[in-house]
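The residues of the chain are indexed from 1 along the displayed sequence.
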Amino acid sequence: CVTRGDRLVRSQRRARLAPAMLDVDRCIERLYECDIIPEEDVRLVCAKVKELLVCESNVHRISSPVTIVGDVHGQFWDVIELFRISGKCPDTNFVFLGDYVDRGFYSVETISLLACLKLRYPDRVT
């Protein structure tokens with residue numbers, strides 16, 4: 001992946017050289033219980049998701065069936081209910097359209113869970 005800008009390259013280098021190892025499965029497990037993951041893990045998740053998204057195309061070919069999810073606005077328990085009804089990753093493909101945070105009390109947990117799912121199942125979460 002070719003990146004632009006020194007700032008982006010520096011953040012990617014820091015993410016690769018970070019001393020802490022990120023256990024994405026453990027983070028997902030904790031987040032499904034609405035348990036906040038440590039700040040250092042959130043930083044690592046953000047850095048790794050950024051690296052992943054920079055390398056992805058902005059147009060995706062999606063295999064059906066797929067669950068299309070509108071604005072979740074930090075409504076964590078609604079996202080959990082959606083997974084209960086439609087199935088969890090990797091059994092279901094998801095397209096999240098945006099507006100992940102802002103109104104719900106659990107915005108950090110919501111975006112953290114979706115980011116971890118993107119890291120763990122990059123071809124299933126768009």
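At a threshold of 4.5 Å between non-hydrogen side-chain atoms, the residues S112 and V45 do not count as touching. Side-chain contact check for R124 versus K88: every heavy-atom pair is 4.5 Å or farther apart. Residues Y32 and V79 have side chains not in contact (no heavy-atom distance under 4.5 Å, counting atoms from C-beta outward).
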May I have the step-by-step check of ring-ring contact (aromatic ring centres under 6.0 Å, His included) for F76 and F105, ending in yes or no?
CA-CA 8 Å; F76 179 83; F105 186 73; over 10 Å; no
Going through the distances and angles, do L22 and L119 end up as a side-chain contact (heavy atoms from CB on, under 4.5 Å)?
CA-CA 11 Å; L22 179 65; L119 282 177; 4.2 Å; yes
Given V101 and H73, is the side-chain contact (heavy atoms from CB on, under 4.5 Å) satisfied, shown in steps?
CA-CA 4 Å; V101 301; H73 293 290; over 6 Å; no
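Clustering ILVMFWY residues whenever any of their side-chain heavy atoms sit less than 4.5 angstrom apart, transitively, puts I68 in a cluster other than the one holding Y121. By the rule that hydrophobic residues join a cluster once side-chain heavy atoms approach within less than 4.5 Å of another member, Y100 and W77 end up as members of one cluster. No single ILVMFWY cluster, assembled from side-chain heavy atoms under 4.5 Å apart, contains both V108 and L31.
The shortest non-hydrogen separation linking L114 to V125 is O-CG1, 4.5 Å. The shortest non-hydrogen separation linking N93 to P65 is ND2-O, 3.3 Å. Between C27 and D41 the shortest heavy-atom distance is SG-OD2, 4.0 Å. Across all their heavy atoms, S86 and T67 have their closest contact at CB-OG1, 3.7 Å. Considering all non-hydrogen atoms of both residues, C89 and L117 come closest at CB-CD2, 4.4 Å. Heavy atoms only, all atoms of each residue included: G87 and F94 are closest at O-CZ, 3.1 Å.
The side-chain contact (heavy atoms from CB on, under 4.5 Å) with V66 is formed by just one residue from the set V95, T92, T126; it is V95.
With salt bridges taken as basic N to acidic carboxylate O contacts below 4.0 Å, none links E109 and R30. E29 and R26 are joined by a salt bridge, as a carboxylate oxygen and a charged side-chain nitrogen come within less than 4.0 angstrom of each other. E81 has a carboxylate O that lies under 4.0 Å from a charged side-chain N of R84, or vice versa, which qualifies the two as a salt bridge.
Interatomic distance, I80 CD1 to C34 SG, rounded to the nearest 0.5 Å: 8.0 Å. Rounded to the nearest 0.5 Å, atoms CG (L82) and CD (Q75) are 13.0 Å apart. Atom CD1 of residue I111 and atom CG of residue L113 lie 9.5 Å apart, to the nearest 0.5 angstrom. Put simply, CG on L52 and NZ on K118 are 5.5 Å apart, with the number rounded to the nearest 0.5 Å.
A donor-acceptor pair under 3.5 Å links the side-chain atoms of S107 to the main chain of D102, judged by distance alone.
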